[in-house]
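Only one structure is covered here, and it is reproduced in the block below.
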Amino acid sequence: MIETLRVGFARGLIEFRHTLTNAQDLWGYFFPSFGLLITLFFMGDATVPGTDFSLGASTLPSSLGMLVAFGGLITIAQYLIVDREDGTLLRAKATPHGMNGYLIGKVVSTGGMTLASLLIVLVPGIFLVDGIEFDAGGILTLLWLLPLAVVATVPIGASIGSFFDNPRSFGLIMLPLFGLVAISGIFYPIAAMPGWLQAIAQIFPIYWLGLGMRSAFLPGGFAAVELGDSWRHFETFGVLAVWAVAGLLLAPVLLRRMARRESGSAVAARRERALNSMVR
Amino acid sequence: MTGALEAGPQVPPAERVIDVRDLRMRYGTKDVLTGVSFAARRGEVLALLGPNGAGKTTTIEILEGFRVRSSGEVNVLGADPAGAGEAWRARLGVVLQSWRDHGKWRVRELLGHLGMYYRRYSTEAKPRPWPVDDLLDVVGLTAAAEVRIHRLSGGQRRRLDVAIGIVGRPDVLFLDEPTVGFDPEARREFHDLVHRLTDVDDTTVLLTTHDLDEAEKLADRILVLSGGRIIADGSADELSRRVAGESEIRWTRDGQRFVHSAANPTPFVRELLLQHGDDVTELEVRRNSLEDTYMRLVHDFEGGRK
């Protein structure tokens with residue numbers, strides 16, 4: 001087990017390094033971060049409707065929550081789909097403990113990149129907006145929130161990824177996710193949404209990750225604009241924990257099913273399909 | 001006649017590294033394998049020949065543990081591939097037909113990394129993994145060690161596939177059409193490599209190929225798979241002797257080239273020499289080539305089924 005962790009970790013670090021030295025990958029990771037920074041810049045002096053709280057100050061931590069959710073849900077799913085098509089996963093399967101090493105490596109490399117993309121938004125963001133307050137309480141919140149965020153999203157992302165075996169059908173995942181972001185109070189306060197949308201948003205982890213991040217980076221007074229006039233740490237923990245448990249129950253089953261189906265001829269068939277769709 | 005061939009050479013049970021009995025595979029209503037039986041001993045090189053769709057890849061994937069069979073008994077290195085664990089996997093080498101995986105990795109980086117998975121399975125008799133520099137040397141990729149994989153040529157990439165297959169110093173190595181896309185030189189080097197593996201490490205090798213010449217050069221034994229069964233099992237020489245065929249006799253007389261086919265060339269050649277004596281030059285007698293034998297076997301079998 002320790003040996004697998006070590007090998008998986010080594011794999012993650014190698015992949016992390018590859019991403020950091022590859023312009024195209026860097027762009028893919030950091031493009032959303034730049035987009036967010038530009039959004040924050042243009043929010044300027046706008047305030048949360050009905051209050052005099054800065055909209056930018058509220059959006060900055062919310063978008064950090066969104067980046068964490070994207071890192072855990074989308075990036076892992078995307079990697080699984082692409083790596084399945086090109087045979088990376090089959091190689092892992094042909095290696096002793098290779099699948100575990102692969103998955104640990106993915107968590108390390110995407111975790112590292114997600115952290116990097118957070119910092120890229122956070123550090124300049126603090127200078128762009130007024131009202132961010134990050135104290136000991138905030139650090140404490142991050143200490144339980146971030147690990148929980150990983151466990152609540154990565155297994156779900158991996159489960160999603162194990163369902164699709166064609167990278168070109170990935171839009172099917174992205175669209176509903178963007179819809180979810182729109183109603184999750186990331187860019188616009190959820191309190192201004194109709195009740196039924198609030199209910200839907202509160203089922204999924206994105207809202208809670210945004211809320212948790214706001215609670216870590218905003219002064220206590222900001223809680224007044226949240227649903228229930230509180231940061232609702234207890235509920236945040238509860239919902240994310242349910243997602244974590246669901247993911248941890250689901251992912252091993254789905255990943256095993258996916259791994260079982262990998263074979264040379266399965267990869268060859270996908271290659272055939274990919275080459276055909278390129279020609280068309 | 002195929003009945004006589006089916007039995008094949010007997011491998012004593014104690015020496016069987018691969019043991020397949022009455023293997024059957026059915027996809028939906030289509031039977032792909034209808035009772036495949038064969039065995040391989042330690043250090044032996046087996047070539048699996050057969051027309052497209054005969055079930056070669058299915059067979060090899062079942063032995064690799066990548067596919068679950070419908071029925072039959074399969075034993076590889078003392079375990080059933082369908083339920084064997086990671087320690088079993090560590091003794092196995094699989095050469096995959098790669099496409100574009102690990103494109104950003106450098107050759108040495110990937111071999112070094114994949115080797116790490118085999119460290120815990122190192123034994124005194126067989127230190128694992130294969131040291132990267134030696135391995136690069138063996139497959140002729142030393143000069144490309146620091147190249148990113150997506151920049152390799154097709155031949156280099158296949159050699160890397162082979163290197164990945166043997167990085168854990170396997171006891172059994174599976175190769176599915178290993179030399180597709182090789183130029184003649186790369187093919188020759190690959191053949192030398194396989195010989196070295198079996199000589200030095202006593203590795204058992206099972207390969208599929210369409211290249212009869214390759215099968216003849218590499219394999220100790222050839223299995224011909226057709227219609228979901230093994231229709232012949234033996235060395236190239238044995239197979240051609242078992243298949244009744246015509247030999248080809250070529251000679252030159254008075255500056256003219258002659259060709260004649262005969263089921264039994266001996267009386268024909270004796271007659272020829274009696275008649276013309278030393279006028280006959282450049283005399284050649286060629287028995288069935290493996291290609292003739294193979295065509296004949298597959299054709300007879302398919303004809304017999306209709």
Side-chain angles (χ1 to χ4, degrees), chain A residues 1-25 79 82-102 104-105 109 167 257 259-275 278, chain B residues 27 32 55-62 64-68 82 84-106 109-110 112-121 128-129 148-150 160-161 164-165 167-168 170 173-177 180 208:
Chain A
M1 188 61 210
I2 299 285
E3 176 77 3
T4 309
L5 272 174
R6 194 179 335 193
V7 177
F9 228 85
R11 185 179 178 90
L13 291 181
I14 292 173
E15 287 180 342
F16 187 51
R17 202 177 61 226
H18 287 162
T19 307
L20 286 181
T21 53
N22 179 305
Q24 200 188 338
D25 281 10
Y79 270 123
V82 170
D83 287 350
R84 202 132 60 103
E85 180 173 75
D86 72 15
T88 306
L89 269 180
L90 181 60
R91 278 233 197 282
K93 189 183 178 183
T95 314
H97 298 285
M99 272 297 180
N100 292 336
Y102 168 86
I104 294 166
S109 61
R257 186 190 74 136
R260 202 172 46 235
R261 293 182 174 180
E262 281 313 292
S263 67
S265 39
V267 172
R270 280 185 220 121
R271 166 169 50 193
E272 196 74 13
R273 187 183 63 197
L275 292 176
M278 272 178 229
Chain B
Y27 296 114
V32 177
K56 300 190 296 288
T57 299
T58 300
T59 304
I60 215 164
E61 287 185 347
I62 289 169
E64 289 164 350
F66 287 173
R67 204 170 268 282
V68 180
E86 301 296 313
W88 173 81
R89 171 75 52 212
R91 297 175 63 199
L92 223 65
V94 177
V95 174
L96 299 163
Q97 295 247 29
S98 76
W99 173 24
R100 59 181 186 194
D101 63 288
H102 294 99
K104 287 178 212 149
W105 293 59
R106 294 175 199 279
E109 194 173 47
L110 182 60
H113 173 71
L114 291 176
M116 283 170 72
Y117 291 86
Y118 295 90
R119 274 193 315 215
R120 72 182 95 174
Y121 301 105
R128 293 182 162 108
R148 286 197 194 266
I149 291 171
H150 67 89
L160 174 64
D161 290 338
I164 292 172
V167 67
L173 181 64
F174 294 108
L175 304 121
D176 198 2
E177 301 192 12
V180 171
T208 68

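By convention in this document, chain letters (A, B, ...) are assigned in the order of the sequence lines, proteins followed by strands, and residues within each chain are numbered from 1. Quick caveat, the model's predicted, so the values are computed rather than measured.
The contact between A:Leu90 and chain B is made by backbone and side chain atoms together, counting heavy-atom distances below 4.5 Å. Both the backbone and the side chain of A:Glu3 come within contact range of chain B, with heavy atoms under 4.5 Å apart. A:Asp83 does not touch chain B: none of its heavy atoms, backbone or side chain, sits under 4.5 Å away. With a 4.5 angstrom heavy-atom cutoff, B:Arg91 does not touch chain A via any of its atoms. The parts of A:Thr4 that come within reach of chain B are both its backbone and its side chain, each placing non-hydrogen atoms under 4.5 angstrom from that chain. Looking at A:Arg17, only its side chain comes within 4.5 Å of chain B, counting heavy atoms on both sides.
Taken to the nearest 0.5 Å, the CZ atom of A:Arg261 stands 11.5 Å off from the CZ atom of B:Arg67. One distance of note links CZ of A:Arg6 with CZ of B:Arg119; it measures 6.0 Å at 0.5 Å rounding. B:Ile60 contributes atom CD1, which lies 12.0 Å from atom OG of A:Ser263 (distance to the nearest 0.5 angstrom). For the atom pair CD (A:Glu85) and CG (B:Asp101), the distance works out to 12.0 Å, reported to the nearest 0.5 Å. Rounded to the nearest 0.5 Å, atoms NZ (A:Lys93) and CD (B:Glu64) are 9.5 Å apart.
Of all non-hydrogen atoms in B:Met116 and A:Ala10, the two that sit nearest each other are CE-CB, 3.9 Å. In terms of heavy atoms, A:Tyr102 sits closest to B:Tyr117 at N-OH, 4.1 Å.
Annotation: side chain of B:Val94 is not in contact with side chain of A:Arg91 (no heavy-atom distance under 4.5 Å). Two residues are said to be in side-chain contact when any heavy atoms from C-beta on lie closer than 4.5 Å; B:His102 and A:Thr88 meet this criterion. Contact of the B:Glu86 side chain with the A:Met99 side chain is not registered, since no non-hydrogen atoms from C-beta on lie closer than 4.5 Å. The closest side-chain heavy-atom distance from A:Ile14 to B:Arg106 is not below 4.5 Å.
Between A:His97 and B:Tyr121, the ring planes lie parallel to each other; the angle is under 30°, not in the 30° to 60° tilted range.
Of the residues listed (A:Thr21, A:Asp25, A:Asn22), the one engaging B:Lys104 in a side-chain hydrogen bond (donor to acceptor under 3.5 Å, both in side chains) is A:Asp25, and it is the only one.
Atom CZ of A:Phe9 has 12 or fewer neighbouring heavy atoms from other residues, nucleotides or ligands inside a 6.0 Å radius.
When the candidates B:Tyr118, B:Trp88, B:Trp105 are compared by the number of heavy-atom contacts under 4.5 Å with chain A, B:Trp105 comes out ahead.
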